[in-house]
2 protein chains.
Amino acid sequence: MNLKELAQKLNLSPTTVSRALNGYPEVNDATRDRIMAAAKRYNYRPNTRAIRLATGRAMAVGHVFPVATKNEIMNPIFADFIAGAGEVYGANGYDMLLSVVADGAEAATYRDLKSRGAVDGVIMHAVRTFDERIATLQELGIPFVSHGRATGIEGDYSWVDVNNRRAFLRATEFLLDLGHLRIGLVNGREDMDFAIRRRTGYVDALVGRGLVPDPSLMANDEMTELAGYRAANRMLAEANPPTAFVAASMLSGMGVRRAIEGHGLKMGRDVSVIIFDDELSYLRNGDDLPIFTATRSSVRDAGRIAAQMLLDLIADPASGPLHRLLEADLILGQSTGPAPRAA
Amino acid sequence: MNLKELAQKLNLSPTTVSRALNGYPEVNDATRDRIMAAAKRYNYRPNTRAIRLATGRAMAVGHVFPVATKNEIMNPIFADFIAGAGEVYGANGYDMLLSVVADGAEAATYRDLKSRGAVDGVIMHAVRTFDERIATLQELGIPFVSHGRATGIEGDYSWVDVNNRRAFLRATEFLLDLGHLRIGLVNGREDMDFAIRRRTGYVDALVGRGLVPDPSLMANDEMTELAGYRAANRMLAEANPPTAFVAASMLSGMGVRRAIEGHGLKMGRDVSVIIFDDELSYLRNGDDLPIFTATRSSVRDAGRIAAQMLLDLIADPASGPLHRLLEADLILGQSTGPAPRAA
DNA sequence: ATAAAAAATCAAAGCGGTTTCAAAATCTTT
DNA sequence: AAAGATTTTGAAACCGCTTTGATTTTTTAT
């Protein structure tokens, strides 16, 4: 059943039917009711392809996900971010288009999406420092929202971000307050912008207390259990091992815990751990009683916010750039305790 | 730059240009070369919206992901499956459309995708026993491939699945061979079809050795760290605790390990654990030396295979239904050892 | 009752491609 | 060199909707 057929059944022109269905005012109320009823009865749904061609709008949003090429790692926050964003799209009649593309080859994908007219806007993921994608997107003139900010980019753009620096500053200060003096940082990949900001927070906290950051206590790698394990393991094997860790994710933290226990120590008693918790649905940090002390900010919420921001931006590009900085909460769990007395 | 403009620049009709670009034979080779060159030079990409309307094909595949409503849990295998499938779509000029929808409300989404003509086919995720979605999709006449089979469905349909029963049979037999007699099963949600198959494998192994499965040693819940921890913790607190576990996922296994260690025991020495490993990119089971002994089958591969199968099915619906049963490998890790001598 | 204004409806032209059918150009054959 | 066959190109219809610019109908004012 298409518009023309429906119009015929009603003895009306497609024009009037289209207007009635789209809520234009210049339609007689009685006529509109008649049309609405018929549309429902015949289960009429306008063809998306035709709407898109006629209006020039794609009614779709693109998410371009980079995959870390060297080890094919997908960012685990992906699923929850998408879940949040998808909620918003669904409620607004937008489709979500997903491209999974090799790290660094995103620009071509954006260009493609644009020239094919496949999307009205995109969400940018996994921002790197000096990320050249921002310039690409601006140049292409696609409305976009970045999940995370990029240091070193001049010019303004829309973003949603967590206050990573502040979260890690607080986490580190929390450990310092507990008397820990050697604190390991198990951070994400060095080229990721958020990792830099997190390190800055960590360093600032140390320096603020007159401590000198020790490079051997800072690791950068994928935020996986294995990488977390390796980093912590290495640090614990040092002559002057840390008594506490700040880890960049739940998974990293789980790796750190394994390393701690592998050294015959107990997390929360011998070694403290504080993580950044993205509140991933399948990686809950306990429930009533959190396993890890954490700075917490929901990725799913970030997805919702970013999606809504993008839709706003598509509706009115002049309203941008828009920004939203989310603060992480500090959650007390079982993984932190006072620093052990010096031996 | 659209087709008409490009044709004008070349002093040709849109017809010829379209044919040349789409590889039709009735175009002079010289003309074709000229057209190809111009298309490249002007960076011409046909408008997807127009192609879709003109051809009636969406050139897009839908993935409808249910979210467990009660706790909003996304299936963690999601990201890697998508990564695999996305590769195939990208290579074939297809877009991937994602809908994240509440558990149980998928039928409406399928109907919507169909009537809007938004996709040419769909991939079905998270299959439940007696899954009514299969009938819905057949009735709608959308080509589809199911990731997982559904018990209790009469009639044939296309699927890609892992031999879950066999994997759990082997895992359980492996533990039995090591002398374990009380083996806990930390399984996925009871309404998930694969969980039933896995339990069958587990039960068959026990029964095959003359053992009687103990219901108190079988748990069903989300495959999260926390749920794994809880289930194992409960079993370990029993009067006659298990000396080994079979866990449904890497995350469950990590929870089981935490429970074991919480009881002052050591995994691999006091209690053995064997997991099902989906080879998620961000949850690698060690590298050279696996942490967990596991039955292993790559979800990303499954995504690739399912996507390719769906494209084949779209190209020639009569070629189906197609099936592909993947076998899981048994991988030796550090989490299993001989059963401790009875005290 | 009639002219002017307002409201409701419609015909037709897009949107940017594909595809059918006809026409033009080139090649064979005699 | 003419007729017929084959290649190559093009005009126009179409996909299913939106939207512009009439046109018709109804209402209001004189």
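All values below were derived from every heavy atom in this structure, side-chain atoms included, with hydrogens, water molecules and symmetry-related copies excluded. Convention: sequence-line order gives letters A, B, ...; per-chain numbering from 1.
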Starting at [atom1] of [X] and ending at [atom2] of [N], how long is that distance when rounded to a whole Å?
| X | N | atom1 | atom2 | value |
| --- | --- | --- | --- | --- |
| B:R49 | D:dG16 | CZ | C1' | 15 Å |
| A:R19 | D:dC17 | CZ | C1' | 13 Å |
| A:R57 | D:dT19 | CZ | C1' | 13 Å |
| B:N47 | C:dG16 | CG | P | 7 Å |
| B:Y24 | D:dT7 | OH | C1' | 18 Å |
| A:R52 | D:dC17 | CZ | C1' | 13 Å |
| B:L10 | D:dG10 | CG | P | 10 Å |
| B:L53 | D:dC14 | CG | C1' | 9 Å |

How are the rings of B:H125 and B:F65 set to each other: parallel, tilted or perpendicular (split at 30° and 60°)? parallel
With under 30° as parallel and over 60° as perpendicular, where do the rings of A:Y157 and A:F144 fit, or are they tilted in between? parallel
So if I apply the side-chain contact (heavy atoms from CB on, under 4.5 Å) rule between A:V119 and each of A:V64, A:I314, A:L97, which one comes out positive? A:L97
Output yes when A:E26 and A:R19 qualify as a salt bridge under the 4.0 Å nitrogen-oxygen rule, no when they do not. yes
What does A:D29 touch in the nucleic acid at a heavy-atom separation under 4.0 angstrom: a base, only the sugar-phosphate, or nothing? nothing
Has B:T16 got a side-chain N or O lying under 4.0 Å from the OP1 or OP2 atom of D:dT9? no
Does B:N2 make a side-chain N or O approach to OP1 or OP2 of C:dC15 shorter than 4.0 Å? no
